[in-house]
Structures are given as structure tokens and as C-alpha cells.
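A short worksheet on the structure shown next.
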Amino acid sequence: MINSKLIFSGVLIFNLFCGAVFSQKKKIENTVNYTQYVDPIIGSAGHGHVFVGANVPFGAVQLGPVNIFEGWDWCSGYNYASNTILGFTHTHLSGTGIGDLNDILVLPVSGKVGLTKGTKEDMENGYGSYFSHKNEITKPGYYSVLLDKYKIKAELTASERVGFHKYTFENTNDSHILIDLADGIGWDRPVKTFIKKVSDTKIEGYRYSTGWAADQRIYFAMEFSEPISNMMVYDSTAVVEGTEGEGLKIKAVLDFKTLKNKQILVKVGISPVSTENASANIKAEIPDWNFDAIVKLADSKWNKELHKVQIKADEKTMKVFYTSLYHTMFAPSIFNDANGDYRGTDKKVYEKANFTNYTTFSLWDTYRGLHPLYTITQPEKINDIVKSFLAIYEQQGRLPVWHLMGNETNTMNGNHSIAVIVDAYLKGYRDYDINLAYEAIKKTAMQTRDGMDYVQKLEYIPADKLLESVGNALEYAIDDYCIALMAKSLNKTDDYNYFTKRANLYKQYFDKETTFMRGKLTNGNWRTPFNPLSSAHRKDDYVEGNAWQYTWLVPQDPYGLIDLFGSEEKFIAKLDSLFLLTDKVEGEDVSPDISGLIGQYAHGNEPNHHIPYLYAYAGQPWKTAKLIREIDDKFYSTKPDGLCGNEDLGQMSAWYILSSMGFYSVNPANGIYVLGSPLVNKAIIHHTKDISFTINAVNNSASNIYIQKAEYNGKPYTKSYITQDMIVKGGELKLYMGNKPSATWGVKKEDRPQ
């Protein structure tokens, strides 16, 4: 006789064992060191403009080296082509096309301390040093380098609001630290700077500057592990008496006597509010002097974020993927103190805010893919991003366009905070004042700047009245479409009808004779002469692009665009031509923003990012698949110049993250993701702690690039798109890959993207 109690006990033991194994396996998976796949140097050469240094996800502090500025490709302060370091600064921009920030320069020095910058040709008679990349280490949350001139090893790490320096000197009897508040990068210049000695181990001050952001105010406190034996203050090179000074270009030289262990540790807290808050940030985030512990903590913070998407892929793809994911979390950056205080756009101090306030919004770029990605991977941050927008609205009277350090820069076109808010709202992120949000959206859309006075009258923007008229109008149409969606959801019928009409104004720029989007004059005629290949900067109707690229900027209504062409066949023929035409305008210099070319398609510029996915709307998804693989092969690599254009605060990388998993947000606000061709064999998206969505690419390879069929949760899935709802509910999508296009998958009209 079989003992049922024994069977039950055995089953119980077996289940407990399996549960323990599963739990241990899950624990191991969750502790995988994803930072090992990140190479922060990728994108630091060429036009990538990425930040290199030490930071934590979305941190206010981005602490890294600054090279001698050599032009546009040094917008972040660092370019891999350089072999010079002037010092280490605490704020940077990553991937922008304009240079700013690089506040509060700190440089350890042995021997004579220069008060003016060294030059590429002569580093001996000024401050700064040559260095070799062989002696440089870059990891998420950590940076180190040997300064050849001074024979000092510099190591950097950071928390959200504190930069932590560790300097190891060869000569312990002639040790100094230079602090320079004079210079930033690119457009930035000082307005007023201040420094004072608070004690033998602490100084504090501030730096007010103007540049891309017109009124920047950053306060700091510095604490030292060794006592300051002497402190000299200078305004530029003029001596300031005492240990306190205010002026235009304040510098300080700190002397240190014989050092313990040949090292000086420096903690630098920053604040948009006050030196007191900067000190409090140090106390809150790095109260002790354990440098290695902060390095480990920073690595842990990065691992936690990188773990939100687990992939299986070849080594190159793993490296590009996780470096890209890393790059998507530099901005927006925190812009309030540990106690919640922040300085608003109106320059007033708002105390103890009940949300995380953010700044650094490159919305013309990031609304397309980065913010939709956040709704999948950063659900806990979405409401605070919207609250940040609404705070800006209440302080400046309209939603942000390109916000930086509490300043509206008015850079680039459109009102794309609208798209970000509507996308969040429609996806169920609503922990904010919804009525205020709609008020802000509508008021922002009813401005009269940059051609919006014409749009409000349901008229086209005349090309002879405004530069970049087509670029402006097409971007406005996307935002107006988003407003119509929210108005419909809120039962605001009149607004829905009005903004739907505005959203359709894009059709007035389509010339059916040439089949291009063109500038139209006040008298109703098309602007002539017209060359669709021309991209002369600010002389035509487009923004960093030409007619070939801008004709497709209708991601909110691809079917309406197809109708303008007259048929799917004509639409496809024109789209094919975009990727084949390599002609150029003789004698015309092409903007460096127009990069990453396949024919006339420019992957290096964000308005192009959705274009390869438009084939799915015309029933030819296999052409999308082929292009996705080609773009990956040509424009994303593990080299220092591994990006074909500006990173633009995460958008270039967001395109890769989404596309490599197999889909992309063509429409930025309707929760639809068009399928393409997954680069990874498997991706697990951990939307929340308890909900995961898996994409399994069966038989995926370099030759098997075409989706043959799909299954969703074990059932046949014929559509060429997936939805936000599918992702956030969790489940599994299987994509069966092959080396030839499928004649049926995603072809039927009912299977195409909504």
C-alpha cells in the first residue's frame, strides 16, 4: 500500500525545494551586474556629445572632467578626441546641441598653481593637465583618471545632489586644490560668483551665470577630509584680501600640509536654493567619508534601474543596449533639495515640495520615444514629471518648451510637454490636478508666439511671415491632436472639435503636385524656388532638415498622410525613394544635425525616428524590419563615436531601446507601439515589481530579421502592433522570426496599427 501521508510530505518537500530554487534563481537574476555592460565612453566622440563622469540615475550632480573647449563637439564639456583636463565640474548636459553648465570647477594641483587655463599647446604655464585614456576608468557612478602633469590620481563618484572626489597625491608636501567659479562651457558666462571659508575643513559659495539658460543660480558647500592650511582668493587673477570674496570670476587656491595616506577627499553638495541647503544635502546623502561605499551605492542604484529591462543577446548588443538604457537616465534631472525645496522659474523659493521637481527637458527630442519609454520603465516618476510641468506652468504662464535650471530657453519647435502630459493621462497616470493640467495644455496651445496666432484662426502659417513655418506647423499639429484626445476623454466636445481641426492643418502644407510638405506664402502660392534636398540653415521652411525628411512628420495620422498621396502604392513608392536618394545640393553645407543618413533619411535627427515604421501602416512591415536592422548595424556601435548624432538627453538611445526590443512609439500619445524587428532574442520588461512583459524572438538571428507570425499569451496574434495595456498587464509576446518576409503577417488592414 502506498502511504498517502508520505506522498503528501514528499510533494511538500519537493515543492518547497523547487520554490527555494526558484527564489534563489530569481535572487541571482535580480543581482546580475548589469553595469558591467555599460561603457560610458560610447557616444563621447564625434557628434554624440554624451556626458562622461560620475552620476546616479536622474541625479542633479553630474560630476566629470572638462576638456579644453574646442567647439561644438565639446558641448558636454568632454570629447574622447581630447587629451586635456582643466578640472572636474559638477553639472553637465548630455547630448545637447548647445553648450551650457559645467559649474564649479575643482582641480587638484601639485606644485605651482596657475590662475589661467592651460592651452592645448602649453599646459605648463596654466592650470590643467594632459592625460591618457589608458589611465582613465569610466563606470556608471565612478570615474578616475591620472593627471600626468601633477601625478595625481583623481577619482569621482556621486549621489543625487553631492559630488564626492578622492585625490591621491604623489607629493604630499605640496598639495593644493584650485576652485574656479569663472567659466562654464560654450554659451555660459558668469554674472556673479562668491566663495568664503567657513572653517578649516569647509567652504561655501555660489555661482550665478547666464547662457543658454539666462538666469542660473547654483549654491554649493564643500567639505574636506584634511584641514586647509591656507586659502587665497582671486577675482580672475587679482588678489582678494581675506578668505571671502565676491566678484565676476572668483577663484580660490587651497593649500594643504602633509597629508594622511597621500589623499584628500572632497564632498561638494549643490543646491538651487541656498548654501545651507547644499550643506544639508551633504548631511542627508553622504554624511561619512567612505568613498568606496558611495561608489558601491551608486553602482547599486544603476543596477536597480538597468534591471528593469533584462535581455538576452550577443555581447555587442548587450553592451549597446545597456549603455543606451544608461544614457536614458541622465535627464530629466532632479531640481530640488533633499528637503524638497526648489527655486521656481519665477525665481521664488518653494519649500518642502511634495513631489520631485525635475529640470532639463529636451522635449522636441524626447516626447517622441523617451517619455513613452518612461511610461513603461519609470512608472513611479511619471506623475512627478507632470507635476514639474504644472509647477512651471503656474510660474511662467505656459508649459515648458525646453527647460533648463529653472529657465525657459524656448529652444526648438512645438509645445511637446502637451504630448507628454496627454500620453501620461491616457495611460492612467493621473496623480495630479487634472483640471489644472488641461487648463495648462489649452492655455499653452492658445499662445500667439511662433506662428500660433495663425493656427488659432485655423490658418496655415505663411512662409513669408515666419521662418521654419512648415516645421513649426507640423509639430503644432501633433500637439493639437493630443489635446483633442484629452478633450474627448474629458467630454469637452467643443474643444475636441476645434483641436481636431487644428490637428488637420498639416494637410495644407502638402503639395500634391510635388508630393512634399512645402512652405506656402501669404498669397496662397508655394514658396519658390523649391528644392526638396535643400536644408540651408534657417533659410527655408524646415528645422534641421529638408522636405524629404519633413514630409513624413505626421506620426499622429499616417493614414491621413497616405490619403494625401492618393494611394498606398504612391505612398510606398515615395517612402522607398526616401531611403534610396543620395543626391545633394551642390555647394550647400549640410548641417551636422542631419547625420546618420540612409538616402535622405537622417537617423541622427529626431523628427526622422518614426519614419521606418510607417511601412506598417501601408501593409509592408517587412520593409520596416529590414531598415531597423540596417540602422542598428550602421549607426549604433561600441566605439567612442558609436552614435550617429547628438544623444539629445536620451532620445537617440530610447529609439534603440524600444526598437531593439521589437517596437516603437510612432504616435507619441495613443499607447500604440508598432512592431519592427527585435535585435535581442528575449526582453523582459519589469513594469512594476510584480508585473513583467516578455518578448521572445524565436529563431532570431542576423539573417532571420522578419516576423513570420506572433503569439500573445499562447494565442495567435496577427497585428503589427502592441499596446500599452498589453505591456502593463504583463504577459508574453512570441515573435517567430525568419529570413524572408511573410506574405500575410501584419498585412491585412485590420491588423495594421490603429
State, yes or no, whether a side-chain contact exists between [X] and [Y] at a heavy-atom distance under 4.5 Å.
X    : Y    : answer
Y615 : P621 : no
I478 : P668 : yes
S720 : P753 : yes
V320 : E315 : no
Y367 : I418 : no
L564 : Y506 : yes
K312 : V680 : no
I657 : M661 : yes

Testing the basics here: between [X] and [Y], what is the closest heavy-atom pair and its distance to 0.1 Å?
X    : Y    : answer
L306 : Y322 : O-CE2, 3.5 Å
S324 : Y656 : OG-CD2, 3.7 Å
Q549 : I611 : O-CD1, 3.8 Å
L614 : W552 : CD1-CB, 3.9 Å
L649 : A331 : CD2-CB, 3.8 Å
I441 : V422 : CD1-CG2, 3.9 Å

Would you find a donor on one side and an acceptor on the other, under 3.5 Å apart, between the side chain of [X] and the backbone of [Y]?
X    : Y    : result
Y550 : V543 : yes
D479 : N415 : yes
N413 : E475 : no
S417 : P400 : yes
Y374 : T328 : yes
T317 : A313 : no
T624 : P612 : yes
K719 : E750 : yes
Q708 : K740 : yes
N608 : N605 : yes

Let me confirm one number: the [atom1]-[atom2] distance from [X] to [Y], rounded to the nearest 0.5 Å.
X    : Y    : atom1 : atom2 : answer
M486 : K442 : CE    : NZ    : 12.5 Å
M737 : K709 : CE    : NZ    : 13.5 Å
I598 : T582 : CD1   : OG1   : 12.5 Å
T377 : I685 : OG1   : CD1   : 8.5 Å
Q600 : L581 : CD    : CG    : 5.0 Å
L561 : T551 : CG    : OG1   : 8.0 Å

Can a donor-acceptor pair be found between the side chains of [X] and [Y] at a distance below 3.5 Å?
X    : Y    : answer
S653 : E647 : yes
W402 : S362 : yes
Q447 : Q456 : no
Y438 : D495 : yes
N713 : E732 : no
Q754 : N670 : no
T444 : Y393 : no
D511 : T514 : yes

Between [X] and [Y], does the ring centre distance come in under 6.0 Å?
X    : Y    : result
F330 : Y326 : yes
Y673 : Y664 : no
H603 : W655 : yes
F361 : F389 : yes

**Prompt:** When you look at D453 and K457, which way does the salt bridge (charged side-chain N to carboxylate O under 4.0 Å, His left out) test go after all the steps?
**Reply:** CA-CA 7 Å; D453 47 343; K457 301 171 189 174; 5.7 Å; no

Does the cation-pi check pass for [X] over [Y], that is, NZ or CZ under 6.0 Å from the six-membered ring centre and within 45° of its axis?
X    : Y    : result
K574 : F516 : yes
K520 : Y460 : yes
R518 : Y509 : no

**Request:** I would like to know whether D648 and W364 meet side-chain contact (heavy atoms from CB on, under 4.5 Å); could you show each step before the answer?
**Result:** CA-CA 9 Å; D648 283 312; W364 183 80; 5.8 Å; no

Between [Y] and [X], is the closest basic N to carboxylate O distance under 4.0 Å?
X    : Y    : value
D480 : K501 : no
E380 : K308 : yes
K316 : D632 : yes
R629 : D633 : no
R398 : E439 : no

**Prompt:** Taking only residues two or more places apart in sequence or in another chain, which ones pass ring-ring contact (aromatic ring centres under 6.0 Å, His included) with W745?
**Reply:** none

**Asked** For M652 and H609, what are the C-alpha separation, side-chain angles and deciding distance, and is it a side-chain contact (heavy atoms from CB on, under 4.5 Å)?
**Response** CA-CA 9 Å; M652 192 70 69; H609 279 182; 3.7 Å; yes

**Criterion side-chain contact (heavy atoms from CB on, under 4.5 Å) against Q651, the qualifying member of H327, R368, H371** = R368

**Asked** Who are the side-chain hydrogen bond (donor to acceptor under 3.5 Å, both in side chains) partners of K729, not counting sequence neighbours?
**Response**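 D725.
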
**Item:** Worked check of side-chain contact (heavy atoms from CB on, under 4.5 Å) between D314 and M318
**Value:** CA-CA 6 Å; D314 60 82; M318 293 285 285; over 6 Å; no

**Prompt:** Should R752 and E568 be marked as a salt bridge (charged side-chain N to carboxylate O under 4.0 Å, His left out) after you check the CA-CA gap, both sets of side-chain angles, and the distance that decides it?
**Reply:** CA-CA 13 Å; R752 301 176 192 179; E568 287 181 357; 2.5 Å; yes

**Message:** Please verify the inter-ring angle class for Y37 with Y34; under 30° counts as parallel, over 60° as perpendicular, anything in between as tilted.
**Reply:** tilted

